[in-house]
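Taking it in order: structure first as structure tokens, then the write-up.
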Amino acid sequence: MIQIAIDGPSGAGKSTVAKLIAKKMGIVYVDTGALYRTVGYYVRQKGVDPKSHEGVSALLGEIDIQVKYENGEQCVYLNGENLGDKIRQNEISKYASDVSAIPAVRAFLLDTQKSIASQNSVVMDGRDIGTVILPNADVKIFLTATDEERAKRRYNELIAKGADVRLEDILKEMKERDANDKGRKIAPAIPAEDAIIFDNTGLTGEESCEKILEIVRDVQNKRKEGVLQPTN
Ligand code: DC
């Protein structure tokens, strides 16, 4: 079993890189942002203020989230419905960021994340994987890139999906969400002390993936030689 944690801000390329790693290593990719997006989606549907701890906490009892893997893709089911790309809409990003600062929401999603990682070898991406969810992960990467490059990547993704958005708005919203995620009291989106910080500005997903695989192989070799002890 291996656990690879990839944290970092949005647009750093976490999901692209993690998906490639999962494919090449034959392990499970877990997109934890999708879980916060699912809660955000429900809160928006109910017309509740995503910053209201009371309002959001009161809804959690109505939410059943199931993660399933279908044809190698992670699918998140909300009360029996596969939400697919609905959670990827730009409006949901802000909801996800706001609800993710609420301790009851993080506690609500904790077991789902831990249980997937206890049953499978995983590459898991998010904001608190190396710090909270998998503190003993074999490899911890904090992936980042310049604000401009991250905004451009996110913009291209949205445009490709047919969204009508402006790059300057995406950059502004992204900076606001990053500040929100980094500055929150619970599980702030900051690197774990033992994470490797990797700025992949200018690199393709394939190139970033190769670099991370080198790090993974290095850890695995050191384990074999007995230089490093398995952490879990
Ligand atoms: O990775 P993403 O953009 O899909 O994540 C959506 C939001 O969820 C993001 O603003 C921060 C939050 N999040 C989190 O707090 N912890 C995680 N492990 C993953 C995401």
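As the structure lists them, so they are numbered: ligands from 1, and atoms in each ligand from 1. Numbers here simply count residues along the sequence, with the first being 1.
Remark: the Glu81 side chain and the Asn79 side chain contain no N/O donor-acceptor pair separated by less than 3.5 Å. Side chains of Tyr36 and Arg106: a donor-acceptor N/O pair is present below 3.5 angstrom, by distance only.
Considering only non-hydrogen protein atoms, atom 4 (O) of ligand 1 sits nearest to Arg37 NE, 2.7 Å. When hydrogens are left out, the protein atom nearest atom 7 (C) of ligand 1 is Ala96 CB, 3.7 Å; that is the closest non-hydrogen contact. Here the heavy atom of the protein found nearest to atom 17 (C) of ligand 1 is Arg127 N, 3.3 Å. Of all protein heavy atoms, the one lying nearest to atom 10 (O) of ligand 1 is Asp181 OD2, 2.8 Å. In terms of protein heavy atoms, atom 16 (N) of ligand 1 is closest to Arg106 NH2, 3.0 Å. Counting protein heavy atoms only, atom 19 (C) of ligand 1 is closest to Thr32 OG1, 3.4 Å.
Annotation for ligand 1: atoms under 4.0 Å from non-hydrogen atoms of Ser100 are 11 (C), 12 (C), 15 (O). Contact atoms of ligand 1 toward Ser97: 10 (O) (distance under 4.0 Å to a heavy atom of the residue).
Using a 4.0 Å cut-off between charged side-chain N and carboxylate O, Glu149 and Arg153 make a salt bridge. Using a 4.0 Å cut-off between charged nitrogen and carboxylate oxygen, Arg127 and Asp7 do not count as a salt-bridge pair. Look at Lys172 and Glu176 and you find a salt bridge, because one of the NZ, NE, NH1 or NH2 atoms lies within 4.0 Å of a carboxylate O, short of that distance. Taking the charged nitrogens against the carboxylate oxygens, Lys68 and Glu70 have no contact shorter than 4.0 Å, which rules out a salt bridge. Salt-bridge check for Asp138 with Arg223: passed, with a basic side-chain N closer than 4.0 Å to an acidic carboxylate O.
No N or O atom of Ser10 sits closer than 3.5 Å to an N or O atom of ligand 1. The N/O atoms of Asp128, backbone and side chain alike, include one that comes under 3.5 Å of an N/O atom in ligand 1. For a threshold of 3.5 Å applied to N or O pairs, the pair formed by Arg184 and ligand 1 contains at least one separation below that value. For ligand 1, the polar-atom distance check finds no N/O of Tyr36 at less than 3.5 Å from any of the ligand's N/O atoms.
When the side chains of ILVMFWY residues are joined at heavy-atom separations under 4.5 Å, either directly or via intervening members, Val216 and Ile129 end up in two distinct hydrophobic clusters.
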